[in-house]
There are 2 protein chains.
Amino acid sequence: MTMTTAEENYLKAIYHLSEGGTKSVSTNDIAAEMKTKPASVSDMLRKLGDKEVIEYRKYYGVNITEEGKKRALQTIRKHRLWEVFLVDKLQFAWDEVHEVAEELEHIQSPLLIQRLDAYLNYPKFDPHGDPIPDEFGDVRARPRVALNEMEIDQTGQIVAVKDSSAAFLRYLDKVGAYIGARIKVLDKVEFDGSLEILVDQKKTLFMSKDVAANILVIQS
Amino acid sequence: MTMTTAEENYLKAIYHLSEGGTKSVSTNDIAAEMKTKPASVSDMLRKLGDKEVIEYRKYYGVNITEEGKKRALQTIRKHRLWEVFLVDKLQFAWDEVHEVAEELEHIQSPLLIQRLDAYLNYPKFDPHGDPIPDEFGDVRARPRVALNEMEIDQTGQIVAVKDSSAAFLRYLDKVGAYIGARIKVLDKVEFDGSLEILVDQKKTLFMSKDVAANILVIQS
DNA sequence: TTATGAATTTAGACATGCCTAAAATAAAGA
DNA sequence: TCTTTATTTTAGGCATGTCTAAATTCATAA
Ligand SMILES: [Mn+2]
Ligand SMILES: [Mn+2]
Ligand SMILES: [Mn+2]
Ligand SMILES: [Mn+2]
């Protein structure tokens, strides 16, 4: 059973909104995520239900099926592998890759993805720190905490961002925060939750609570 | 003015059938090339005519416009650059690349193509020996002759194939003919036009006139 | 010159994917 | 229990791209 580009995009959105298939998802939330109208979503949900990649009960939201989860993870795998290719091989900045990967992820060729994976040396994480599912859909996730939830003197390494918008990524580049940076919380301001951070044992950085909440860290 | 994937595929077919814009092309020939029905072609010709990438006079075939030629060459450029990527970087065989490139050529990102070109070191020819147009659509073609038209004792180098079907390419692999091979015509049989060829000064090869007619050579 | 036939276009239909406007439903409050 | 209202679905329509069947056109052969 083949899926169209539109169907793959919807299914991926449902997978993300359901937090990996653990929650049911509303029509309105899908419409917001896909930047379409709820009426268009209803049309698509019927189709995805017919293909049994979601369980669709009218008026009650949708749940992704095991088959659907497998499909979504394949698309996510392709998206993230292409992002690694664009950054590692073609010198794209991490804020330039998303839209192109959104197209490349729909290319149909198992051989292509297998060879790309090998060529990139079987990467486990994409340029935004998100894990790349293996060919069976298994994900090796790292336990992460949002930077704003860390306490003074705690240390760790930036591994991902929640907000992947170009604006946010460019801001991080500008201030010198990047995936892989080792950080230490030097101070937290009680009044507004803003933080003072030491980056790579040399650079001091101030950031608002809102910014810190979008930076994910593994503690060490 | 953006073009859909279908429009790009039709325009590319028209460019090839018109031999680079020098001939006018019939509806039936386009239908055969695109594996669709003439009725579908008529529909599409009206659209391409409206967009002024072809000149369409009902019942009299089409001619590609300068704008259309430019567009077609951009798609061809992308197709051939991706073929080089697949063969040089991902170890695809030359008979495995066409279908995937047929999809990849429609990815919309000027930056991607520019970077890919640089990454591949600005190749001038694809794995089948066909020239890669530059970003302005200029093609540096090499004067070629079909192998069956060469005379005894003449020498040259295989630079391209006319027939890119997987079956033909696999046959060439099997007998040891490849793009770049240096060849010499040892004998020609008058009766059926078949040839005896010396490849790389060491291997002798017999081939039918039909096979030789699909192998293109620059003479030396 | 006119009939014939091949090539081509048009008519009408269907699938996908999107929209707006209207109708239906479920959940919550009075 | 009976509204009210936000959410969701349906109805109807439009664009793209395909098809079959019917109509049209052009070229050519009698
Ligand atoms: Mn996508
Ligand atoms: Mn990513
Ligand atoms: Mn194509
Ligand atoms: Mn080629």
Side-chain angles (χ1 to χ4, degrees), chain A residues 1-15 17-18 23-64 68 71-72 75 99 102-103 105-108, chain B residues 1-15 17-18 23-64 68 71-72 75 99 102-103 105-108:
Chain A
M1 194 236 330
T2 63
M3 294 178 77
T4 65
T5 292
E7 285 169 344
E8 286 185 347
N9 284 333
Y10 270 98
L11 192 60
K12 196 157 59 89
I14 292 166
Y15 177 85
L17 290 169
S18 70
K23 287 182 157 63
S24 81
V25 180
S26 76
T27 299
N28 267 3
D29 286 355
I30 298 168
E33 175 76 14
M34 298 293 296
K35 300 182 203 302
T36 55
K37 303 292 159 175
S40 306
V41 174
S42 287
D43 286 346
M44 183 55 87
L45 293 183
R46 191 185 39 69
K47 290 176 205 158
L48 293 177
D50 289 348
K51 295 198 170 183
E52 297 183 7
V53 292
I54 61 171
E55 207 184 306
Y56 177 39
R57 287 177 51 225
K58 279 194 298 200
Y59 291 105
Y60 287 93
V62 299
N63 289 89
I64 196 164
R71 302 283 187 126
T75 307
E99 295 208 352
E102 202 55 56
E103 292 188 51
E105 70 188 356
H106 305 291
I107 304 287
Q108 302 291 350
Chain B
M1 195 240 323
T2 64
M3 293 179 78
T4 65
T5 291
E7 286 170 343
E8 287 184 348
N9 284 333
Y10 270 97
L11 191 60
K12 196 157 59 86
I14 292 166
Y15 177 84
L17 290 169
S18 70
K23 286 183 158 61
S24 79
V25 181
S26 76
T27 300
N28 267 3
D29 286 354
I30 297 168
E33 175 77 13
M34 298 293 296
K35 299 182 204 302
T36 57
K37 303 293 158 174
S40 307
V41 174
S42 286
D43 286 346
M44 182 56 86
L45 293 184
R46 194 186 37 71
K47 291 176 205 157
L48 294 177
D50 289 348
K51 295 198 170 184
E52 298 182 8
V53 291
I54 60 170
E55 206 186 307
Y56 178 39
R57 287 177 52 223
K58 278 195 296 198
Y59 291 104
Y60 287 91
V62 299
N63 289 88
I64 196 163
R71 302 282 188 129
T75 306
E99 295 207 354
E102 203 53 56
E103 292 187 51
E105 70 188 357
H106 304 291
I107 303 287
Q108 302 292 351

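Computed from a predicted model, the values in this text were never measured in an experiment. Here is how names work: the chains are called A, B, and so on, in the same order as the sequence lines, proteins then strands, and each is numbered from 1.
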Just the table, please: protein N/O against nucleotides 1-6 of chain D N/O, every pair under 3.5 Å.
none

Minimum side-chain heavy-atom gap [X]-[Y] below 4.5 Å:
| X | Y | result |
| --- | --- | --- |
| A:Ile64 | A:Val53 | no |
| B:Thr4 | B:Tyr10 | no |
| A:Asn63 | A:Ile54 | no |
| B:Val62 | B:Ile30 | yes |

A:Asn9: side-chain hydrogen bond (donor to acceptor under 3.5 Å, both in side chains) partners, not counting sequence neighbours: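 With sequence neighbours excluded, A:Asn9 shows a side-chain hydrogen bond (donor to acceptor under 3.5 Å, both in side chains) to A:His106, given in chain and number order.
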Residues forming a side-chain hydrogen bond (donor to acceptor under 3.5 Å, both in side chains) with B:Glu103, sequence neighbours excluded: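 Once residues adjacent in sequence are excluded, B:Glu103 has no partner under the side-chain hydrogen bond (donor to acceptor under 3.5 Å, both in side chains) criterion.
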Interface residues of residues 52-63 of chain B with DNA chain C (non-hydrogen, below 4.0 angstrom):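 When residues 52-63 of chain B is checked for heavy atoms under 4.0 Å from DNA chain C, the hits, listed by number, are B:Tyr56, B:Lys58, B:Tyr59.
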Nucleic acid contacts of residues 37-47 of chain A, taken as heavy-atom distances under 4.0 Å to DNA chain C: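 Those residues whose heavy atoms fall under 4.0 Å from DNA chain C, taken from residues 37-47 of chain A in numerical order, are A:Lys37, A:Ala39, A:Ser40, A:Asp43, A:Met44, A:Lys47.
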Terminal helix-axis angle for the helix from C:dT1-D:dA30 to C:dA30-D:dT1, with five pairs defining each axis and rounding to 10 degrees: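 The two end axes of the helix from C:dT1-D:dA30 to C:dA30-D:dT1 meet at 30°.
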Pairs flagged by salt bridge (Lys or Arg N to Asp or Glu O under 4.0 Å) wherever residues 6-15 of chain B is involved - sequence neighbours left out: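 Pairs touching residues 6-15 of chain B that pass the test: B:Glu7-B:Lys51, B:Lys12-B:Glu102, B:Lys12-B:Glu105.
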Any pair counted as salt bridge (Lys or Arg N to Asp or Glu O under 4.0 Å), so long as it reaches residues 38-49 of chain B, sequence neighbours left out: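 Qualifying pairs, neighbours excluded: B:Arg46-B:Asp50.
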Would you name the heavy atoms of [X] and [Y] that are closest together and state the gap between them?
| X | Y | answer |
| --- | --- | --- |
| B:Pro38 | B:Thr27 | O-CG2, 3.7 Å |
| B:Ala72 | B:Tyr15 | CB-CB, 3.6 Å |
| B:Ala13 | B:Met34 | CB-SD, 3.6 Å |

Residues A:Met1, A:Arg71; criterion side-chain contact (heavy atoms from CB on, under 4.5 Å); working and verdict: CA-CA 11 Å; A:Met1 194 236 330; A:Arg71 302 283 187 126; 3.1 Å; yes
Spacing of CD1 belonging to B:Ile14 relative to OG belonging to B:Ser24, to within rounding of 0.5 Å: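 With rounding to 0.5 Å, CD1 (B:Ile14) is 11.0 Å from OG (B:Ser24).
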If I take atom [atom1] in residue [X] and atom [atom2] in nucleotide [N], what distance separates them, rounded to the nearest angstrom?
| X | N | atom1 | atom2 | result |
| --- | --- | --- | --- | --- |
| A:Met3 | C:dT16 | CE | P | 13 Å |
| B:Glu8 | D:dT16 | CD | P | 15 Å |
| B:Ile30 | C:dT8 | CD1 | C1' | 12 Å |
| A:Leu48 | D:dT9 | CG | P | 13 Å |

Indicate whether OP1 or OP2 belonging to [N] is found under 4.0 Å from a side-chain N or O atom of [X].
| X | N | result |
| --- | --- | --- |
| A:Thr4 | C:dG17 | yes |
| A:Ser26 | D:dT7 | no |
| A:Thr36 | C:dG17 | no |

Expected rows: protein N/O vs nucleotides 2-5 of chain C N/O, under 3.5 Å:
none

Evaluation steps, side-chain contact (heavy atoms from CB on, under 4.5 Å), between B:Met44 and B:Leu48: CA-CA 6 Å; B:Met44 182 56 86; B:Leu48 294 177; 4.0 Å; yes
B:Ser40 side chain to B:Thr36 backbone, donor-acceptor under 3.5 Å: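 Side chain of B:Ser40 to backbone of B:Thr36, a donor-acceptor pair under 3.5 Å: no, none is there.
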Residues forming a salt bridge (Lys or Arg N to Asp or Glu O under 4.0 Å) with B:Lys23, sequence neighbours excluded: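 Scan of B:Lys23 (salt bridge (Lys or Arg N to Asp or Glu O under 4.0 Å), adjacent residues dropped) gives B:Glu19.
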